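First up is the structure itself, then whatever we jot down about it.
Quick note on labels: first sequence line is chain A, next is B, and so on, each numbered from 1. From a predicted model like this one, the values you see are computed outputs, not experimental measurements.
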Amino acid sequence: MEYNPQKIEGKWQRIWEKEKLFKAKDIFKKPKFYCLDMFPYPSAEGIHVGHLKGYTFSDVISKKKTMEGFNVLHPMGFDAFGLPAENFAIKTGVPPAKLTSRSIKNIKQQLISAGFGYDWQREICTCNPDYYKWTQWMFLQLYNAGLAYKKEAPVNFCPSCKTVLAREQVIDGKCERCDSLVEKKYLNQWFFKITDYAERLLNDLNKIDWPEKVKLMQKNWIGKSEGTEIYFKIYRGSTPVNLPVFTTRMDTLFGCTYVVIAPEHPIVSNLLDAKRTPRRVASQISNLKEIEKYIEEAKKKTEIERVAEDKEKTGIEIRGIKAINPVNNQEVPIFVADYVLMEYGTGAIMAVPAHDQRDFIFAKKRGLEMIEVIKPKTGRHPPATQSPFPEKAFQEDGILINSGPFSEKTSEEARKEITKYLEKRGQAKKATYYKLRDWLISRQRYWGAPIPIIYCSKCGKVPVPEKDLPVVLPKIKDFKPTGKGESPLAKVEKFVKTKCPKCKSKAKRETDTLDTFVCSSWYFLRYTDPKNLKIFASEKKIKDWLPVDLYIGGAEHAVMHLLYSRFFTKFLFDQKLIHFDEPFLKLFNQGIVYRQGAKMSKSKGNVVRPDYIIRKFGADTMRLYELFMGPANQATEWSDKGVIGCFRFLNKVWSIQERIGNQESKVKSQQLEKLIHKTIKKVSQDLENFRFNTAVSALMILANELEKQAKISLIHYSLFLMLLSPMAPHITEEIWRKLGNPEGIPSGSYGAGKKSIFLEKWPKYNPELIKEEKIQLIIQINGKVRDKIEVEPEITEEKAKELTLKRERVKRWIEKKEIKKIIFVPGKLINIVI
RNA sequence: GCCGAGGUGGCGAAAUUUGGUAAACGCUAUGGUUUCAGGAACCAUUGGGAGAAAUCCCUUGUGGGUUCAAAUCCCACCUUCGGCACCA
């Protein structure tokens, strides 16, 4: 009988569902294991073999953990709000809800036909009101805690998507979704105060078992830097204004030859404002008009323009007033330049052109003064005032020069001492800044969870009372954006018009929706109790199942979803709503699957669909190939040909069953047993360490060996099937249950039977059985392999030497030469140095 | 520019954790077997070179170094990929 996956796979998928084999039970006699996949966006095209890679990993691990006696939670759902469905609606008029539910049906079928053991009773969908009710509830918790706020700010606006974006969604100044150049706009928008959690988000990275790469990306994104704020005085008449600047390089303070203020800095408008500035001073500024013009232009520039002019730094001096360097009372000119950012630090810097590349370029162009204040500890360097920019040695620690009483100190000492000196005089204080910005969460789009806020002319912003949740997204017909930077919801009068929950007078609803990342920031909580109507998840279920033990997904979410989820978790922990403050204990990033040298994408037309592979070779073959392709965390190229190897392997597995019998010869049986136990060890360890490719290879080696036998005992074959079962569940289940026939085959601990293979215990290897009686001792001469001998593993050095020197081949190599040294590595090799 | 991860046959890769037989396993290719035929079946060979053969020499991006011994450790460089990017 031939191996025919099409005949068996659908059958077992139905039976597993009927037997509820992979359903997570809320009974905790066994230790729990929560294995989570990043849930997919239900795109109309379905998922491709790249998505399936990570899902295969999590399914293999879940099945193995089940066999190891864990109570496994392995759920799946859909991240269903978002732009593609809405853009499709604008084009075709098909409502996003309709398209989404169609896509979900399709993807769910794809996942089921791959044999994944998800607990579909727990399926969630973020666009379902039962779900987004709690997303809105989360928003309200944050709002009530003062962590959700609305403010006018310069934001990134995508002209094609007609909505603002979070900073994380802007890549190289372009929209991550459609690649349009992002515009800067001043808009009134909602933010989450994630910056309040910057320090904890940074520190707690130490607590979690995540790829170092992802941790580092988060660390850099949070971008903590510790330094000092220094107060430069600017005199307007007799009253000085303090201008704080931020620096991490106090040791270069004597090298400051000018200061730069960001164009948006309030101090600039104050200085220019004739009403506030004494007439005498205002008249001191001789180039008011030019400065105003520069500021206007800078404000209009997009982020990309500001940076893309690359090194070509623009700016303008405020003529007529000076700033005073507190450390030496030196008067320095003041510039307004957009290479200084208002959003970071104090929005003003002290410029040290001799030791900072950016300041150097700016100063060089204008012929500004440069003062060298640091020399390298050793060696000579061209003067910092001449080289295009300071060499590394200057930027790192050096020795101070031209720095008054601090000359001859090291950078490190000087940093401390200068800070102390100014601190005492109240002219500086230590400060810490982060690159992390608050999370912009409002979107001027339809297909998202409405922000549950009501605007009342009397009461102002009023949160929607909990009992009125969810604020249901109304069904609409016209999906086109209003063109006024508003969500299409603004056109829906029925939705907008409401009553103030407080004073009952006429009021309007917020029409912006929430960023989809808000929906996905807490979804892992909902799986534990997906149908709860009273709370996002009951306390008990949260305690029983969470945190997530293993999270598998792509690295592209490193600074978005993964950071946001951590923020939500910490917030809910602070609210005493959950008992843990890190959501995902272990994270694994599967590598990207390439084809024709590029990441699979619809636009490149290089997508491989699993449906085709499954139809042709079956789900087991596809799963095996996903595992076998290469290292799990590494990008690998998809090969249609390579799939065949896995199909051949399964055919072999299938045909071996014909050899079952109890008459293995004794010697053979012992050798086989040794190999089987070695394989149990290898596969168990490899699966534990995400080395799926070598686990598959070990099973291939074992299958090749089994194939050579005339007869194979049932127990040996059964062990093999069990090891293979998490990876190729259908074929192993089929053979396993079939073998439970009434022909008198004993059903021992490893006996096959009529119940599922996944109810069996994961096999354990016997350490006694994998001990070698004989090993190959490598004989090297001058480090090159020249001979091998079979010996006992415990062979002594003397004995090994004796045997080695007797060998003809060895004698030939040594011949009259003097043996200088013999190195013996027990159980491994002997090296003769001549 | 800064940070990070890589570079091993014709291809995907093993061996890097612990320095100790480089190329396991699979694909491809070549030759053969079976079959009415086909190949997504089976068998053999498959890093390069020399040789009739035994066997020998060379080979892990490049160049140095440490060591009895280096794909593995150290230094410098080249290169591919990923992230950040005027963050003071």
Exercise. For B/rG9, is chi within 90° of 0 (syn) or not (anti)?
Worked result: syn
For this session: Give one of base, sugar-phosphate or nothing for A/K435, where a contact means two heavy atoms less than 4.0 Å apart.
Result: base
Problem set entry | Spacing of the P atoms in B/rC75 and B/rG51 (rounded, Å) | 44 Å
Exercise. Is there a donor-acceptor pair closer than 3.5 Å between any side-chain N or O of A/E637 and the backbone N or O of A/Q596?
Worked result: yes
For this session: Would you indicate, yes or no, if B/rU55 has its OP1 or OP2 atom less than 4.0 angstrom from a side-chain nitrogen or oxygen of A/R809?
Result: yes
Exercise. Would a line drawn from the ring center of A/F57 to the ring center of A/F692 be shorter than 6.0 Å?
Worked result: yes
Exercise. Base, sugar-phosphate, or nothing: which does A/W638 touch, judged by heavy atoms less than 4.0 Å apart?
Worked result: nothing
Exercise. Taking the side chain of A/N831 as heavy atoms from C-beta outward, which of B/rA13, B/rC3, B/rC68 is closest to it?
Worked result: B/rC68
Exercise. Rounded to the nearest 0.5 Å, how far apart are OG1 of A/T228 and CD1 of A/I418?
Worked result: 9.5 Å
For this session: Round to a whole Å and report the spacing from CG of A/L243 to C1' of B/rA88.
Result: 13 Å
Problem set entry | Integer angstrom distance from the P of B/rC25 to that of B/rA44 | 12 Å
For this session: Keeping to residues at least two apart or across chains, list the salt bridge (charged side-chain N to carboxylate O under 4.0 Å, His left out) pairs with something in residues 616-628 of chain A.
Result: A/D59-A/R623
For this session: May I ask you to say what A/A635 touches in the nucleic acid, namely base, sugar-phosphate or nothing, with a heavy-atom cut-off under 4.0 Å?
Result: sugar-phosphate
For this session: Starting at CZ of A/R437, measure out to CD of A/E343 and round the result to the nearest 0.5 Å.
Result: 5.5 Å
Exercise. Expressed in whole Å, how much space separates the P atoms belonging to B/rA15 and B/rG26?
Worked result: 16 Å
Exercise. Hey, what do you get for CG (A/D338) to OH (A/Y294), rounding to the nearest 0.5 Å?
Worked result: 3.5 Å
Exercise. When the distance from CZ of A/F360 to C1' of B/rC86 is rounded to whole Å, what number comes out?
Worked result: 16 Å
Exercise. Any side-chain N or O of A/K213 less than 4.0 Å from the OP1 or OP2 oxygen of B/rG6?
Worked result: no
For this session: Taking only the side-chain nitrogens and oxygens of A/Q634, find out if one of them lies under 4.0 Å from OP1 or OP2 of B/rG12.
Result: no
Exercise. Rounded to the nearest Å, what distance is computed from the CZ atom of residue A/F692 to the C1' atom of nucleotide B/rA14?
Worked result: 17 Å
For this session: Give a yes/no answer on whether the side chain of A/Y433 brings an N or O atom under 4.0 Å of OP1 or OP2 in B/rA88.
Result: no
Exercise. A/N220 side chain: which of B/rC3, B/rC86, B/rC68 is closest?
Worked result: B/rC3
Exercise. What integer number of Å spans the C1' atoms of B/rA29 and B/rU46?
Worked result: 8 Å
Exercise. Paired stems touching RNA chain B, three or more consecutive Watson-Crick or G-U pairs with both distances under 3.5 Å?
Worked result: B:1-7 with B:78-84, B:10-12 with B:25-27, B:29-33 with B:41-45, B:47-50 with B:55-58, B:61-65 with B:73-77
Problem set entry | Atom-to-atom span, CD of A/E626 to P of B/rG12 - whole angstrom | 17 Å
Problem set entry | Value in whole Å for how far the C1' atom of B/rC81 lies from CG of A/N633 | 14 Å
Exercise. Say you pick atom P in B/rU66 and the same atom in B/rU21; how far apart are they, in whole Å?
Worked result: 22 Å
Problem set entry | Given RNA chain B, 5'-ward residue of the pair A/L436 and A/E637, judged by closest heavy atom | A/E637
For this session: Assign a letter to each nucleotide of nucleotides 21-45 of chain B from its 5' end: B, base within under 4.0 Å of a protein heavy atom; S, sugar-phosphate only; -, no contact.
Result: BS-BBSSS-----------BS----
Exercise. Distance from A/H48 atom NE2 to A/K599 atom NZ, nearest 0.5 Å?
Worked result: 8.0 Å
Exercise. How far does the P atom of B/rU60 sit from the matching atom of B/rG9, given to the nearest Å?
Worked result: 9 Å
For this session: Answer yes or no: is there a donor N or O on one side and an acceptor on the other, between the side chain of A/Q218 and the main chain of A/L202, under 3.5 Å?
Result: no
For this session: Describe the nucleic acid contact of A/S225 in one word from base, sugar-phosphate, nothing, applying a heavy-atom distance below 4.0 Å.
Result: sugar-phosphate
For this session: Considering only atom C1', compute the distance from B/rA5 to B/rG10 and round it to an integer number of Å.
Result: 26 Å
Problem set entry | A/T252 side chain to A/V352 backbone, donor-acceptor under 3.5 Å | no
For this session: May I ask you to check whether A/Y258 and A/F362 place their ring centers less than 6.0 Å from one another?
Result: yes
For this session: Starting at atom CD of A/E556, determine the distance to atom P of B/rC84, rounded to an integer number of angstrom.
Result: 12 Å
For this session: Return the 5'-most residue of the pair A/G630, A/V833 with respect to RNA chain B, ranking by each residue's nearest nucleotide.
Result: A/G630
Seminar exercise, completed: Against the side chain of A/P631, the closest entry in B/rA88, B/rA14, B/rC58 is B/rA14
Problem set entry | Between B/rG12 (C1') and A/D640 (CG): distance, integer Å | 13 Å
Exercise. Within less than 4.0 Å of OP1 or OP2 of B/rC57, is there a side-chain N or O belonging to A/R786?
Worked result: yes
Exercise. Nearest-Å distance, NZ (A/K184) to C1' (B/rC86)?
Worked result: 13 Å
Exercise. Ring centres of A/F617 and A/Y625 under 6.0 Å apart?
Worked result: no
For this session: Keeping the roles fixed (side chain from A/H730, backbone from A/I8), state whether a donor-acceptor pair exists under 3.5 Å.
Result: no
Exercise. Rounding to the closest angstrom, what is the interatomic distance between B/rG38 and B/rU45 at atom C1'?
Worked result: 24 Å
